[in-house]
Protein chains: 2
Amino acid sequence: MSIEIVPAHAPLELERFLPYRLSILSNTVSQAIAAEYQDKFDLSMTEWRVMTILARFPEVSAREVVDRSRMDKVAVSRAVARLVEAGRVDKGIHDDDKRRSVLKLSEAGWAIHDEVAPRARAHERALLAKLDDEETAWLGRILDKLMVG
Amino acid sequence: MSIEIVPAHAPLELERFLPYRLSILSNTVSQAIAAEYQDKFDLSMTEWRVMTILARFPEVSAREVVDRSRMDKVAVSRAVARLVEAGRVDKGIHDDDKRRSVLKLSEAGWAIHDEVAPRARAHERALLAKLDDEETAWLGRILDKLMVG
DNA sequence: TGCAATTGGTTACAAGTGAAACTATAAGTT
DNA sequence: AACTTATAGTTTCACTTGTAACCAATTGCA
């Protein structure tokens with residue numbers, strides 16, 4: 001006959017706890033990528049993300065950047081201000097709505113983008129290199145499912 | 001005959017970019033869990049993580065908390081200070097090494113732990129409920145592989 | 001034993017961040 | 001048109017966070 005031992009408190013095992021593992025993994029990867037541009041270009045992660053949005057969707061407003069990036073409104077405002085200040089983003093005013101900004105990368109902005117983007121992709125490849133094709137495929141599908149709802 | 005258009009800049013597609021997706025997913029999940037304790041117990045995420053470590057490994061030093069949690073030394077120091085201040089952690093000094101702290105949850109700390117831990121686990125379950133058993137198994141293995149090296 | 005190097009932990013300062021208040025423009029209502 | 005409401009974006013203030021400097025106890029070693 002076995003005696004079942006009921007633990008008094010049932011602590012979480014942090015290192016097996018999915019949200020924690022996701023957090024560690026995500027931070028590790030993001031910081032490795034950020035290291036590619038933070039020192040070299042004096043660029044924050046928020047600024048870099050704004051730049052990637054502007055690279056894909058030129059001439060958008062700050063609002064659209066917020067919508068597309070899940071970043072905070074204030075964070076975007078500040079990132080844009082710094083990017084404009086540094087001459088990396090050109091900022092105009094929308095013709096039909098004077099509240100709206102019209103943002104796009106400047107030449108200098110594109111130059112940075114074109115240097116950083118391949119390095120970012122290289123990090124993604126390095127990460128995926130740890131997986132075989134089957135695992136990579138599963139990961140894609142699983143993330144899709146986890147991210148809905 | 002098809003004309004191949006070579007994009008001038010090859011921008012990242014943020015929403016398919018693995019590091020970005022991990023970041024969004026991780027933040028969404030972590031914030032949902034944090035919502036369980038931040039307002040109710042005035043507890044930061046760092047403090048909660050320290051508490052989970054102390055729940056599993058009573059009588060450890062701050063150094064051990066750092067080692068086990070991948071958190072920053074200063075962050076842990078501050079979290080512990082607040083937890084002690086709030087009467088949730090008891091802090092002693094190691095017998096053989098007077099630099100070392102000896103930390104453990106107080107009664108009040110355990111009470112909070114025992115209330116929050118099941119809610120945290122419920123979030124994990126809710127997340128995994130989006131996956132079937134096969135996907136869950138793959139996810140575990142994949143995270144293991146991604147997190148080594 | 002004495003002194004430099006190391007380690008556990010805290011403090012100080014600067015930079016980053018979020019919530020709320022604010023400005024300016026636009027849209028809707030009567 | 002006059003007035004309320006909503007939206008785009010910025011600023012302010014309090015709080016958090018990260019880096020580096022720091023203090024005190026311990027270890028290594030000449």
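Throughout, protein chains are lettered first and strands after them, A, B, ... in sequence-line order, and every chain is numbered starting at 1.
Within the 4.5 Å cutoff, side-chain heavy atoms of B/Asp144 are placed close to those of A/Arg21. Taking 4.5 Å as the limit, every side-chain heavy atom of A/Leu103 sits out of range of all side-chain heavy atoms of A/Leu83.
Each of B/Val76 and A/Arg82 lies near DNA chain C, and the nucleotide nearest B/Val76 is the one positioned closer to the 5' end. Residue whose closest nucleotide on DNA chain D sits further toward the 5' end, between B/Ala75 and A/Val102: A/Val102.
In this structure, the NZ atom of A/Lys73 is 10 Å from the C1' atom of C/dA20, given to the nearest Å. With rounding to whole Å, B/Arg100 atom CZ is found 17 Å from C/dT10 atom C1'. Distance, A/Arg49 CZ to C/dG16 C1': 15 Å, rounded to whole Å. Rounded to whole Å, atom P of D/dT16 lies 10 Å from atom CD of B/Gln38. Distance, A/His94 NE2 to C/dA24 C1': 17 Å, rounded to whole Å. Note: CG (A/Asp97) to P (D/dA6) measures 17 Å, nearest angstrom. Rounded to a whole Å, the CG atom of A/Asp72 is 14 Å from the P atom of D/dG9. Regarding A/Glu85, its CD atom lies at a distance of 12 Å from the P atom of D/dT11, rounded to whole Å.
A sub-4.0 Å separation between OP1 or OP2 of D/dA8 and a side-chain N or O of A/Arg63 is present. OP1 or OP2 of C/dG8 has not a single side-chain nitrogen or oxygen of B/Ser61 nearer than 4.0 Å. A sub-4.0 Å separation between OP1 or OP2 of D/dT10 and a side-chain N or O of A/Lys91 is present.
Taking the six-membered ring where tryptophan is involved, the planes of A/His9 and B/His113 are perpendicular, since the angle between them exceeds 60° and thus also 30°.
Distance check: A/Thr52 OG1 to A/Arg68 CZ gives 11.5 Å after rounding to the nearest 0.5 Å.
If you check every strand for non-hydrogen atoms under 4.0 Å, A/Ser101 touches sugar and phosphate atoms only. Contact annotation for B/Asp96: backbone-only contact, meaning every heavy-atom pair under 4.0 Å involves sugar-phosphate atoms and none involves a base.
For a distance-only test at 3.5 Å, the side chain of B/Arg78 qualifies as a donor-acceptor partner of the base of D/dG18. Between the side chain of B/Arg99 and the base of D/dT26, no donor-acceptor pair under 3.5 Å is found.
Salt bridge annotation for B/Glu115-B/Arg119: present, with a cationic side-chain nitrogen under 4.0 angstrom from a carboxylate oxygen.
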